[in-house]
Amino acid sequence: EQNESNSAKRLRMLGDTTSEDIHLKSDEEVKGSFWANLWYQKKWAIIIGGITLLLLVALTFTLCHDTKSDMNIIYVGPNYDLSYTDKLEAMNQKFELICPDYDGNGEVYVSSPTLIYKSPDQLEAYKKANPNRDLSAMEKANNDAYNQFAGQIMSGELAIYLIDPYLYNQMAKTACVPLNEVLGYECDESLKYDEKAIYFCKTDFAIYFDEFDDVPSDTLMCIVKTVNTDEDFFANSCDYFKKIVEFEVE
């Protein structure tokens, strides 16, 4: 320090502001380019993360607002009329008429989607009755319906099925619950198709209400149960199945 110049002493006493300014300027440059650098380096991670977040929000919204059904009744058969909204609504009103509020939410809601499928014999008969029509789209839709039904059976979702005998014997029968387990007693022989299914249109319930006139007369009713079946919902389904079988006009 003895050989230190007067200029150096003055800088030392006042503080070297030049180096501090350089340091501060460097920090500002880094801070100013942070978001640009982040976007450049992590662009796809940010995009994918944003999409995932949006999907999660949409899924949460859907789950929170989804109508929970007290009962599931699925029609799988050849009649296209049963896919019309007005037909479904009319049938649903009758299904809901005898359905208890199983989930205790103060409302009764029966879900009754349809899956239209014609068996090979039914499709062939339709072709003969409509020789001049291009049925390639129908044949594709028919194959898609068959595959969709196969996936439905394997999914484990419990439902009461109104089903065409062809699909019942092809896929559903092995997953169906025996009637004596569903009802708790031996079913009337006049209603039985076999040990796991009844003829829906022979029930007093289907006969009494005109809304079921479009259901093919050979349509079967059964309950599908797989390893993923919810036990409480299964018990409710058996109870509802009994209500249809035991329906009486007062």
Side-chain angles (χ1 to χ4, degrees), residues 62 66-96 99 109-127 129-130 133 135-177 182 193-194 196-203 205-206 209 211-230 233-234 236-238 240-241 244:
T62 301
D66 188 30
T67 302
K68 184 178 180 182
S69 60
D70 292 283
M71 191 54 51
N72 293 334
I73 302 175
I74 301 176
Y75 171 74
V76 187
N79 196 336
Y80 286 97
D81 289 345
L82 296 180
S83 64
Y84 299 154
T85 302
D86 58 335
K87 298 279 187 181
L88 288 178
E89 289 178 351
M91 290 172 57
N92 262 12
Q93 289 177 1
K94 302 311 176 187
F95 282 132
E96 291 171 357
C99 184
Y109 176 68
V110 174
S111 172
S112 57
T114 63
L115 186 62
I116 307 304
Y117 172 79
K118 291 184 180 296
S119 69
D121 289 343
Q122 292 165 345
L123 189 59
E124 188 61 31
Y126 191 87
K127 288 180 179 179
N130 301 272
R133 290 188 60 181
L135 301 180
S136 57
M138 176 185 285
E139 290 178 322
K140 182 181 184 306
N142 211 53
N143 289 332
D144 291 343
Y146 185 90
N147 293 330
Q148 185 178 341
F149 179 69
Q152 179 76 26
I153 290 293
M154 296 298 294
S155 71
E157 181 179 354
L158 181 106
I160 295 174
Y161 278 88
L162 302 181
I163 186 171
D164 183 80
Y166 177 83
L167 279 180
Y168 171 78
N169 288 300
Q170 282 285 309
M171 282 189 285
K173 182 176 181 177
T174 55
C176 287
V177 184
V182 174
Y193 171 77
D194 63 10
K196 293 183 176 182
I198 67 168
Y199 288 102
F200 173 72
C201 291
K202 289 185 178 182
T203 65
F205 178 75
F209 294 110
E211 287 79 3
F212 298 108
D213 288 350
D214 289 324
V215 178
S217 60
D218 62 348
T219 298
L220 306 179
M221 186 169 74
C222 56
I223 293 182
V224 169
K225 179 183 179 183
T226 64
V227 293
N228 296 321
T229 292
D230 179 87
F233 197 68
F234 171 64
N236 294 339
S237 298
C238 290
Y240 186 74
F241 192 102
I244 292 177

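Count residues from 1 along the sequence. We use all heavy atoms of the structure for the numbers below, so side chains are in, but hydrogens, waters and symmetry mates are not. Bear in mind the structure is a predicted one, so any value in this text is a computation, not a measurement.
Between Y117 and Y146, the two ring planes are tilted [angle within 30° to 60°].
Panel note: side chain Y166, backbone P120; no donor-acceptor pair is recorded below 3.5 Å. Panel note: side chain K225, backbone V177; no donor-acceptor pair is recorded below 3.5 Å. Judged by distance alone, with hydrogens and angles left aside, the side-chain atoms of N92 form a donor-acceptor pair with the main-chain N or O of V110 at under 3.5 Å.
The side-chain contact (heavy atoms from CB on, under 4.5 Å) with Y193 is formed by just one residue from the set T219, D218, L220; it is L220.
Residues in residues 77-87 take part in these salt bridge (charged side-chain N to carboxylate O under 4.0 Å, His left out) pairs, two or more places apart or across chains: K87-D214.
Distance check, rounded to the nearest 0.5 Å: CD1 of I198 to CD1 of I244 gives 7.5 Å. N236 CG to C99 SG: the interatomic distance, rounded to the nearest 0.5 Å, is 8.5 Å. The distance from atom CD1 of I160 to atom OG of S237, rounded to the nearest 0.5 Å, is 5.0 Å. A distance of 8.0 Å separates OG in S112 from CD in E96, rounded to the nearest 0.5 Å. The NZ atom of K140 sits 11.5 Å away from the CG atom of N142 when rounded to the nearest 0.5 Å. Interatomic distance, OH of Y109 versus CE of M71, reported as 13.0 Å (0.5 Å rounding).
The side-chain heavy atoms of F149 and Y161, taken from C-beta on, include a pair separated by under 4.5 Å. Side-chain atoms of Q152 and V224, non-hydrogen and from C-beta on, never get closer than 4.5 Å to each other. For the pair K127/E139, a side-chain contact is recorded, criterion being any heavy-atom separation below 4.5 Å from C-beta on.
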task = Output, in order, the C-alpha distance, side-chain angles, deciding distance and verdict of side-chain contact (heavy atoms from CB on, under 4.5 Å) for K118 and Y80.
result = CA-CA 10 Å; K118 291 184 180 296; Y80 286 97; 3.3 Å; yes
inquiry  = Is there a side-chain contact (heavy atoms from CB on, under 4.5 Å) between I73 and M91? Walk through the geometry before answering.
reply    = CA-CA 11 Å; I73 302 175; M91 290 172 57; over 6 Å; no
task = Start with the C-alpha gap between F212 and F95, add the side-chain angles, then the distance that decides, and say whether side-chain contact (heavy atoms from CB on, under 4.5 Å) holds.
result = CA-CA 10 Å; F212 298 108; F95 282 132; 3.5 Å; yes
key: Verdict with reasoning, C176 to Y168, per side-chain contact (heavy atoms from CB on, under 4.5 Å)   = CA-CA 9 Å; C176 287; Y168 171 78; 3.9 Å; yes
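In plain terms, the two heavy atoms of L88 and L82 that are nearest each other are CD2-O, 3.2 Å. Taking both residues in full, the closest heavy atoms of I163 and C222 are given as CG2-SG, 4.0 Å, listed atom of the first, atom of the second, then distance. Closest heavy-atom contact between P78 and D164: CD-OD1, 3.9 Å. Taking each heavy atom of A206 and C201 in turn, the nearest pair found is CB-CA, 3.8 Å. In terms of heavy-atom proximity, I223 sits nearest to V182 at CD1-CG1, 3.8 Å. Shortest non-hydrogen contact noted between L115 and A145 is CD2-O, 3.5 Å.
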